[in-house]
Amino acid sequence: MRIFIGVAWPYANGVVHLGHVMGAYLPADIFARYNRMIGNDVLMVSGSDEHGTPVTITAEKEGKSPQEIVDRYHKINSEVMNKLGISFDLFYRTSHENHEKVVKEFFLKLLENGYLYEEEMLLPYCPKCHRFLPDRYVVGTCPYCGYENAHGDQCDNCGRTLDPKDLIEPRCAICNTPTEFRKSKHIFFALSKLEDRLISWIEEKDFWRDNVKRFTYQFLKSGLKDRAITRDINWGVEIPMEGYEDKRIYVWFDAVIGYLSASMEWARRNGKSWENYWKKEAKHFYFLGKDNIPFHTIIWPAMLMAHGDLNLPYNVVANEYLQFSGRKFSKSKKIGVWMPELLDNFEPDMIRFYGAVNMPEHRDFNFTWENFISTINETLVGKYANLVYRILSFAYRNFGEIPPRGDVDELDREALKMIMRTRKKMSEYIENVEFKKAIKEWLELVNFGNIYFTKKAPWTQCKENKEKCGTTINICLQMVQALAVFGAPFLPFSSEKVWKYLGNEDSIFEHQWNEGIKNLPAGRKLKEPEHLFHKIELEEERYEKWNQMDIRVARVKSVEDHPDAEKLYIVKLDLGDDERTVVAGLKKYYSREELEGREVLILYNLEPATLRGVKSHGMLLAGDDGERVALLKPMEDLKPGTKVMANGAEPAGEKTLKFKKFKKMKIEVVDIKENKAIGAEEYTLDFPLRDEWLGKQGVVFHDKKPLILHVGEVLIVPDKRITPGGQVR
RNA sequence: AGCGGGGUGGGGUAGCUAGGAAAUCCCGCCGGGCUCAUAACCCGGAGAUCGGUGGUUCAAAUCCACCCCCCGCUACCA
């Protein structure tokens, strides 16, 4: 069977993150590798989506050309795919000349078939930026669900695709100026003509995942409108028609055609036929995140229908999102785990394993470093790698080759049955695009292997009856082979290693899935095995909550009364090479004289807020026991701007901290005694405390464990004694 | 408050669309075993009002209604 796999194109305005990998590239790759191993003819492509305004904006910001920007990210992201072992037949790019050629041809074909027409339209124009705004750069209220930050192309909230004109109170996303609408001539794609055909096509797809059906159904319910496929921009594919010299093809139209152009380019480079996949019988699978569903279940199929004689999607597999410690991954807000960095620190198979086990197939999954490390250390290394090594090293040392299988007993038969069962179950799950279930099935075999090995105790057998021991090891190696082969789509790098340890010379990927159950040839020499992975060692403990904080020492420069509020001061702070103005509710507790010139602590990365008309950039930290309020300060004066540490760890705190989030942090004033801190409860501090700190009051930040705040040898203290357990706010 | 996603033993999860006898798996905890293996692995145990209330049903974690709580995006705010 021929299988075409299209994976959503990463936008070349940033670096791919773990959410993209777990949501699209990894499942696609597992699927591709599996299908190749069962003998299917697979073509898998993707590439960088390089056109559109976000790229031009980045370019403007950096004073570079758009091409330079996309070259940079294309290079980085290609490397990521490579290192991770995502086995694309081609990872292409939309700024390539052949892509542009294919898009133009596609465009003309649609024109010829009567699905394109010209119309003058009113377009959002920003008078301040002096340009027409692309849909994404108009924000406003969604007319369907009332969401106030809907983009002009799609509402992130309800998933409907929109036209900027639909938005209520549209404004420029860059400068927030209300947009004007100006006339401009554009080309429209007659989606509405295809409505009936689309509906009946989709009705057959009852095997699609629920989330895909739901999103698609929602989309259809609001009716299909014709869409403009050209824009007033200058970075994109030119329009092959007169009078459109200063316009370009709109990026969504151009990007999806990438599936076709990449196939053609692959065929051209390798002397193969792309028609085999697009015009002859072939099943088309698409892998993407849930935000991309309508483009793949409605728009792209409609474009293909309008084009004629090209294969439509067979299945569209969309995953949910990955969250980072409870927050949505976001390129712009820098929340998340970026692949280049991740790949610098961890082996690709570790990342792939974690990704497969936690794939967000049916619901969002929350990433935490703690979970990442424990999953890898305990399951992948502790159970799998350890099993493989204990078997291989035992076999190598005692036999040096594959021992023959003698008489088998009940347990041996069970082991062989387990292998068969794993093959069958994993096949079913993978073919049904349920990868999480598939790898869990594989883990069952790992588990069984450990039990089998322990029950058989070959180290004893070996002394008593070498032949029996040989049978046990033979079956163990059989399991190792099965794990390597069946695990290969998930863990290609380590499977390959295991394959070699088993005495094979060639690549595991030259073999078929079914060879996972093939009997090993007795007498074949084994290779000396090494550990597959090393456990992840924490160089230093990671403090998730503390890492979100950025607390610094500051000196009060001036204090003024807030013109509009009884309790508030406006405090100007010196932070060394920076200055800050904060609004503080301290009037009741401190006079202006008491504050001026003294040292305080500021929560530096708190999101700015306007308090009674005055903007506050951060907040002063003080302990409060209900009666008294005591500002925090270092025990000795320090250079303003110095960062506060907790148990020796300087916080990352690069991101803005939401006030809501800050309120969740537990920080309290404590009495310090030996290695104890007494606050609301008694805590044990495992950080070496200095003698001069004992008996003082200090401040504890509660993360996974209580952390004491200090700067080097200087303790952070409240400026007067308050009841221990007083909360810091 | 609006929209979306959730609430299952201490933590994280499976099961929920097609209701059925002992609620899955991983970690942690307690006790034991083994020594081939990366303090690993194996066995046993404790531990769950399946967020709450009401309903449908012979039978509900699973279906329906209402409510509570948590998370994200908004709004408010020190």
Side-chain angles (χ1 to χ4, degrees), chain A residues 141-142 144-150 155-159 206 209-211 213-214 290 320-321 323-330 333 335 357-358 360-366 368 370-371 373-375 377-398 436-437 440-441 443-444 446-463 469 472-473 476 529-537 565 567-569 582-586 603 606-612 616 618-622 624 658-664 704 729:
Chain A
T141 304
C142 174
Y144 301 102
C145 71
Y147 178 65
E148 292 180 18
N149 275 329
C155 175
D156 295 337
N157 193 44
C158 66
D206 53 355
R209 276 195 194 162
D210 278 351
N211 59 343
K213 279 189 282 188
R214 263 202 314 271
K290 64 177 163 189
E320 301 290 308
Y321 285 141
Q323 300 199 333
F324 181 74
S325 297
R327 297 182 69 177
K328 193 179 157 179
F329 270 60
S330 157
K333 290 177 197 153
I335 300 167
V357 167
N358 298 307
E361 287 176 331
H362 299 290
R363 63 162 79 168
D364 288 356
F365 182 80
N366 189 28
T368 61
E370 198 189 8
N371 178 252
I373 290 164
S374 69
T375 301
N377 280 353
E378 280 147 19
T379 312
L380 180 66
V381 185
K383 294 225 187 287
Y384 172 61
N386 181 55
L387 173 68
V388 169
Y389 187 74
R390 75 197 286 213
I391 289 173
L392 286 172
S393 61
F394 189 94
Y396 181 78
R397 237 177 311 111
N398 290 287
K436 203 198 270 194
K437 283 185 179 161
K440 296 216 160 144
E441 208 54 53
L443 282 172
E444 293 276 304
V446 171
N447 236 8
F448 181 89
N450 273 316
I451 295 171
Y452 176 85
F453 198 89
T454 303
K455 277 193 184 163
K456 283 279 174 175
W459 55 92
T460 311
Q461 275 185 321
C462 216
K463 288 174 203 150
C469 178
T472 298
I473 293 307
C476 281
E530 282 169 25
H531 291 296
L532 290 178
F533 302 102
H534 294 281
K535 282 194 170 174
I536 300 169
E537 303 282 347
K567 300 178 189 164
L568 304 180
Y569 280 131
V582 303
V583 177
L586 293 170
L603 178 54
L606 186 67
E607 58 171 345
T610 308
L611 303 178
R612 290 269 181 148
S616 179
M619 83 186 261
L620 300 186
L621 296 179
D624 182 353
K658 294 263 183 197
F659 185 66
K660 212 169 170 180
K661 203 108 193 183
F662 170 67
K663 282 212 297 202
K664 297 244 162 70
K704 267 177 244 152
R729 54 162 193 92

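Residue numbering restarts at 1 for every chain, and letters A, B, ... go by the order of the sequence lines.
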From the candidates B/rU38, B/rC42, B/rC36, the one with an atom nearest any side-chain atom of A/N450 is B/rC42
So what does A/A457 hit on the nucleic acid, given a heavy-atom distance under 4.0 Å: a base, only sugar-phosphate, or nothing? nothing
Report the nucleotide, chosen from B/rC41, B/rC36, B/rC43, that has the shortest atom-to-atom distance to any side-chain atom of A/I451. B/rC43
All N/O donor-acceptor pairs, side-chain side in residues 455-463 of chain A, below 3.5 Å, sequence neighbours left out:
| unit_1 | atom_1 | unit_2 | atom_2 | d |
| --- | --- | --- | --- | --- |
| A/K456 | NZ | A/D409 | OD1 | 3.3 |
| A/K456 | NZ | A/D409 | OD2 | 2.7 |
| A/K456 | NZ | A/D412 | OD1 | 2.9 |
| A/K456 | NZ | A/D412 | OD2 | 3.4 |
| A/Q461 | OE1 | A/T472 | OG1 | 2.8 |
| A/Q461 | NE2 | A/T472 | OG1 | 3.3 |

Rounded to whole Å, please give me the gap between CD in A/E361 and P in B/rG5. 18 Å
Stems with RNA chain B, 3 or more Watson-Crick or G-U pairs in a row (under 3.5 Å), are B:1-7 with B:68-74, B:10-12 with B:25-27, B:29-33 with B:41-45, B:51-55 with B:63-67
Round to the nearest Å and state the distance from A/Y389 atom OH to B/rU35 atom C1'. 15 Å
Tabulate atom names and distances for all N/O pairs under 3.5 angstrom spanning the protein and nucleotides 32-34 of chain B.
none

Under the side chain to side chain contact (heavy atoms under 4.5 Å, CB included) rule, what do A/V582 and A/M619 come out as? Steps first, then yes or no, please. CA-CA 6 Å; A/V582 303; A/M619 83 186 261; 5.9 Å; no
Closest nucleotide of RNA chain B for A/K463 versus for A/E444: which of these residues is on the 5' side? A/E444
After noting the C-alpha distance and the side-chain angles of A/L603 and A/L620, does the key distance pass the side chain to side chain contact (heavy atoms under 4.5 Å, CB included) rule? CA-CA 6 Å; A/L603 178 54; A/L620 300 186; over 6 Å; no
Between the protein and nucleotides 12-16 of chain B, which nitrogen or oxygen pairs are less than 3.5 angstrom apart?
| unit_1 | atom_1 | unit_2 | atom_2 | d |
| --- | --- | --- | --- | --- |
| B/rA14 | OP2 | A/R363 | NH1 | 3.1 |
| B/rA14 | OP2 | A/R363 | NH2 | 3.0 |

Would you say A/F394 and A/C469 make side-chain contact, with heavy atoms under 4.5 Å? yes
Between CG on residue A/L380 and CG on residue A/L532, distance to nearest 0.5 Å: 8.0 Å
Under 4.0 angstrom, heavy atoms only, what part of the nucleic acid is A/N386 near: base, sugar-phosphate, or nothing? base
Nearest nucleotide by nearest heavy atom, which residue falls closer to the 5' end of RNA chain B, A/S374 or A/R397? A/S374
Would you classify A/K455 as touching base, sugar-phosphate or nothing, given that sugar-phosphate means primed atoms plus P, OP1 and OP2, and contacts are heavy atoms under 4.0 Å? nothing
Mind checking the NZ-OG1 spacing from A/K440 to A/T379? Nearest 0.5 Å is all I need. 9.5 Å
Under 4.0 Å from OP1 or OP2 of B/rC27: is there any side-chain N or O of A/K383 that close? yes
Using atom types as modelled and distance alone, determine if a side-chain donor or acceptor of A/N377 lies under 3.5 Å from a backbone N or O of A/I536. yes
Inter-nucleotide P distance (B/rA22, B/rC70), Å rounded: 34 Å
Whether A/H534 and A/H531 hold their rings parallel, tilted or perpendicular, with breakpoints at 30° and 60°: perpendicular
How would you list all residue pairs meeting side chain to side chain donor-acceptor pair (under 3.5 Å) that involve residues 380-393 of chain A, not counting sequence neighbours? A/R390-A/N450
Does A/N447 have a side-chain nitrogen or oxygen under 4.0 Å from the phosphate oxygens OP1 or OP2 of B/rC42? yes
Between A/H531 and B/rU38, is there a contact of a side-chain N or O with OP1 or OP2 at under 4.0 Å? yes
